[in-house]
Undergrad: 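One structure is given below, represented as structure tokens, and several questions about it will come after.
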Protein chains: 2
Amino acid sequence: MTLDTIDIKLLDYLQQDSKQTNKELSNKLNLSVTAVYERIRKLERSGVIDKYVALINKQEVNKDFVAFCHIKLVQHAQEYVTKFEREVANLKEVAECYHISGDYDYLLKVVVSDMEDFREFMVNKLTSINHIGSTHSMFVINEVKHTTAINIS
Amino acid sequence: MTLDTIDIKLLDYLQQDSKQTNKELSNKLNLSVTAVYERIRKLERSGVIDKYVALINKQEVNKDFVAFCHIKLVQHAQEYVTKFEREVANLKEVAECYHISGDYDYLLKVVVSDMEDFREFMVNKLTSINHIGSTHSMFVINEVKHTTAINIS
DNA sequence: GATGAAACAATGACTGG
DNA sequence: CCAGTCATTGTTTCATC
């Protein structure tokens, strides 16, 4: 699907706030309500817009201890890789998991309540997955920037 | 604010899909539509729910080259730290920036189109910020798991 | 908490320009 | 693309139990 400049602006707005009415958007974009409605539906149906979600404040729900965890596997046979990825994806504390280039194989973003919670996660959940060679954890001191929006240009 | 088990379920649902109608949610939670409406409003006003956003498919907008970038500053005087954080937050390619513990000072998530785009970002934008000592980039080979939802329990 | 009523807004399909 | 229609559905605020 090709996006024109209006689509890009529309996506920017919706990535910031999806609860705006079509009327508000039509004013910002100088379009009719129907045109906005049809553009949004096209973006939804084509798969450009994946879904709409609520974002919550980690602090308010006492889940503001965030760590990034590097992981190296002992072996890289397809069987072990698949098993590790499946098991790690099932851990609720793991918000994100990336297979990355470099010294380590994976980078995990772990969201828990506090250091004690993190310790328990490491000991009882993460390291109980087989074939993990080594891990290296970094703790988030401060979230300087965090956006779910993707810059399209 | 204290959350009961119904609030937690409600937040789980809204973090997965915020476009559900209150009627659908009232069925899932065995509540009346008005009760659901009032709980949501309470969660919004108390700041537990931060905002509602559209999530878009990186692939569909040709922004699926993702890198994590470690950064070490030369100096750590408050002045340089503040300046670095302000400048890096203004870079549109930087989706996330964390001040972290460990060998490096910062971890950035950079979202661009391709390697050429990334090279340009590094040369013209990131490393033109003063006081950066060293950087170390890791490229995302595969996104094993990525959720914006926070597990509350 | 529930319920019903009422005002308002959005959806989805449809005209015709 | 726009403007306007219309029935249906959902949202939001009431008052009442």
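A, B, ... follow the sequence lines: proteins, then strands. Residue 1 opens every chain. FYI, side chains are in, hydrogens and waters are out, and symmetry mates aren't considered; it's all heavy atoms of this structure.
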Undergrad: Are any of the side-chain nitrogens in A:E116 or A:R119 under 4.0 Å away from the carboxylate oxygens of its partner?
TA: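 Yes, this pair counts.
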Undergrad: Nearest-Å distance, CD1 (A:I40) to P (C:dT11)?
TA: 8 Å
Undergrad: One thing to verify: whether A:K145 and B:E85 come together as a salt bridge, which I'm taking to mean a side-chain N less than 4.0 angstrom from a carboxylate O.
TA: no
Undergrad: Contact list please: residues 24-38 of chain A against DNA chain D, heavy atoms, distance less than 4.0 Å, in numerical order.
TA: A:L31, A:S32, A:A35
Undergrad: Whole Å only: how far is the NZ atom of B:K23 from the P atom of C:dT3?
TA: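 Value for this atom pair: 11 Å.
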Undergrad: Does a salt bridge link A:K125 with A:E120, judged by any charged N lying under 4.0 Å from a carboxylate O?
TA: no
Undergrad: Just the rounded figure in Å: distance from C1' of D:dC1 to CD1 of A:I6.
TA: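 From A:I6 CD1 to D:dC1 C1': 10 Å.
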Undergrad: Measure from OH on B:Y52 to C1' on C:dA10 and round the result to the nearest Å.
TA: 17 Å
Undergrad: Less than 6.0 angstrom separating the ring centers of B:F68 and A:Y98, yes or no?
TA: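 Yes, the ring of B:F68 comes within the 6.0 Å limit of the ring of A:Y98, centre to centre.
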Undergrad: If you define the side chain from C-beta out and look only at heavy atoms, does anything of A:V111 sit under 4.5 Å from A:E93?
TA: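 A side-chain contact is absent here, since even the closest heavy-atom pair is not under 4.5 Å.
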Undergrad: Any side-chain N or O of A:R41 less than 4.0 Å from the OP1 or OP2 oxygen of C:dA13?
TA: yes
Undergrad: Any chain of hydrophobic side-chain contacts (each under 4.5 Å) joining B:V140 to A:L73?
TA: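 No, separate clusters.
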Undergrad: Does the side chain of A:N22 get closer than 4.0 angstrom to OP1 or OP2 of C:dT11 through an N or O atom?
TA: yes
Undergrad: Which sits closer to the 5' end of DNA chain C, A:R45 or A:Q20, going by the nucleotide each is nearest to?
TA: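 It is A:Q20 whose nearest nucleotide is closer to the 5' end.
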